Protein chains: 2
Amino acid sequence: MDIAARQFRARGYAAVSLRDIATEAGMRTPSLYYHFPSKDDLVIAVMNRGIVVVREAVTAALAALPSGTDPFARLGTAMRAHLRALHGLSDYTSANVRIFGQLPEDLRRANLPERRAYQAIWADLLSPTCAGNPEVLAVRVPFVIGALNATLEWFDPARGDLDALADQLGQVLLTGLKEQGGK
Amino acid sequence: MDIAARQFRARGYAAVSLRDIATEAGMRTPSLYYHFPSKDDLVIAVMNRGIVVVREAVTAALAALPSGTDPFARLGTAMRAHLRALHGLSDYTSANVRIFGQLPEDLRRANLPERRAYQAIWADLLSPTCAGNPEVLAVRVPFVIGALNATLEWFDPARGDLDALADQLGQVLLTGLKEQGGK
DNA sequence: TTTTCTACCTAACGATAGGTAGAATACTTG
DNA sequence: CAAGTATTCTACCTATCGTTAGGTAGAAAA
């Protein structure tokens with residue numbers, strides 16, 4: 001599964017064949033079928049773990065905060081934890097974000113329960129910013145998650161500081177572009 | 001190309017075969033080869049047009065503004081035009097955003113010149129928010145474009161008002177989440 | 001000692017992919 | 001109308017895909 005996640009992340013869902021995965025794992029293709037009944041089951045397992053990993057990372061980071069922490073500080077912490085999971089922790093979360101849009105609909109549906117559970121965390125985090133307006137919340141939750149996930153397409157943690165990125169994005173999302181972005 | 005863009009947008013790059021495109025176009029697969037020398041050439045043409053379309057839409061919207069318009073009003077106008085191109089105008093831009101991450105590296109590289117030209121527009125728009133700090137600008141440009149593009153994964157223009165979305169996202173991006181999102 | 005399980009193997013299947021060769025048809029122009 | 005060009009056709013190729021069938025060596029359990 002580690003190998004599958006790495007390859008899915010790097011090259012996409014359809015472009016990675018079971019042969020590719022088996023080769024890197026040092027075995028023959030059909031041997032994979034001892035561990036997974038089909039490619040679909042393998043990819044579902046990778047996808048679900050991707051959400052579990054990031055959810056655990058975010059909840060752990062929030063739990064480490066002193067109780068009564070300012071809602072905006074909690075948001076910043078969650079953003080940082082999410083970005084870390086995306087760019088550093090493992091390939092599962094990044095693989096999930098990368099290939100979710102490439103999956104046929106039934107595979108996507110299989111990942112929806114995990115995704116909804118994760119979105120619920122962000123709904124809690126963001127509801128203080130929405131004045132109890134559910135329509136605003138319903139937009140802000142996917143928007144923030146989507147904006148963070150989109151960094152996967154352009155930010156390279158090998159060439160830039162992940163913490164600096166988290167700081168900058170936290171500032172933009174919390175205080176807006178009108179706030180000058182200086183040192 | 002219209003049909004190819006629609007299918008790429010809906011089902012991804014690898015999942016769409018030349019047979020699918022030809023069938024919907026009312027012809028046989030080899031007939032496509034009269035118009036495009038390969039699938040790669042077809043997809044490159046679609047990808048490039050996708051950026052051209054959104055760039056023209058944004059520059060036209062900006063040109064229609066009275067001269068001397070406030071930089072933040074210009075930003076809001078550009079965001080709205082970008083979202084319109086993504087969700088309404090044509091399938092080329094949405095296809096581009098959807099499948100760019102799925103393409104093999106050489107095809108992605110073929111689209112980079114257009115993408116860079118489009119990013120230059122946003123660099124101009126955003127530089128007033130960065131106090132002349134090039135590192136901040138280098139983060140904010142892809143961040144804003146990526147955040148807008150990410151709406152493609154969760155917003156359905158058939159079930160929500162695109163203008164309302166543009167208003168909300170403009171507010172969040174310009175003034176931040178700390179600004180309560182009310183009516 | 002007999003049986004079952006684990007973790008792989010080789011060989012091959014049907015389906016589908018992008019692509020090619022060359023004949024047939026449609027359209028335009030002298 | 002004839003010639004030539006533009007477009008689409010039929011028929012086929014090779015490569016690769018996910019998957020299945022059937023088997024094997026060795027460890028674990030009965």
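Chain identifiers are assigned alphabetically (A, B, ...) following the order of the sequence lines, protein sequences preceding nucleic acid strands; residue numbering begins at 1 within each chain. Treat the numbers as computed from the prediction; the structure is a model and nothing was measured.
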Query - Nucleotide of D:dT10, D:dG18, D:dT7 approaching B:His35 most closely (side-chain heavy atoms) - result: D:dT7
Requested in this report: Please tell me which of the listed nucleotides, D:dC9, C:dC8, C:dG19, lies nearest to the side chain of B:Met27?
Outcome: D:dC9
Requested in this report: May I ask you to verify if any side-chain N or O of B:Ser17 is less than 4.0 angstrom from the OP1 or OP2 atom of C:dT16?
Outcome: no
Query raised in the report: Could you state the OH-C1' distance from B:Tyr13 to C:dG18, rounded to the nearest angstrom?
Result: 10 Å
Requested in this report: Please report, rounded to the nearest Å, how far the C1' atom of C:dG18 is from the CG atom of B:Asp40.
Outcome: 10 Å
**Report entry** A:Leu103 with B:Leu152, same ILVMFWY side-chain cluster at under 4.5 Å
**Finding:** no
Query raised in the report: Can a side chain N or O of A:Ser31 be found less than 4.0 Å away from OP1 or OP2 on C:dA7?
Result: no
Requested in this report: Ignoring hydrogens and angles, tell me if any N or O in the side chain of B:Ser94 forms a donor-acceptor pair with the backbone of B:Asp91 under 3.5 Å.
Outcome: yes
Query raised in the report: Which part of the nucleic acid does A:Ser38 contact within heavy-atom distance under 4.0 Å: base, sugar-phosphate only, or nothing?
Result: sugar-phosphate
Query raised in the report: Closest to the A:Arg19 side chain: C:dC8, C:dA12, C:dG19?
Result: C:dA12
Query raised in the report: Short question: side chain of B:Gln7, backbone of B:Val16 - any donor-acceptor pair under 3.5 Å?
Result: no
Report task. Can you tell me the distance, in whole Å, between the CZ atom of B:Arg11 and the P atom of C:dT16? Result -> 13 Å
**Report entry** A:Ile21 CD1 - D:dC17 P separation (whole Å)
**Finding:** 11 Å
Report summary line: Which of C:dG19, D:dC9, C:dC8 is nearest the side chain of B:Tyr33? It is C:dG19
Report summary line: B:Leu18 CG to C:dA17 P, in whole Å, measures 9 Å
Query raised in the report: With respect to the phosphate group of C:dA7, does any side-chain polar atom (N or O) of A:Tyr34 fall under 4.0 Å of OP1 or OP2?
Result: yes
Query raised in the report: Can you tell me if B:His87 and B:Asp156 form a side-chain donor-acceptor pair at under 3.5 Å?
Result: no
Query - Whichever of A:Asp20 and A:Pro37 has its nearest DNA chain D nucleotide further upstream toward 5' - result: A:Asp20
Requested in this report: Looking only at side-chain atoms of B:Pro30, point me to the closest of C:dC9, D:dC9, C:dG18.
Outcome: D:dC9
Requested in this report: Determine whether A:Met47 and A:Ile51 make a side-chain contact, defined as any pair of heavy atoms from C-beta on separated by less than 4.5 Å.
Outcome: no
Query raised in the report: Whole-Å distance between D:dT20 P and A:Leu32 CG?
Result: 13 Å
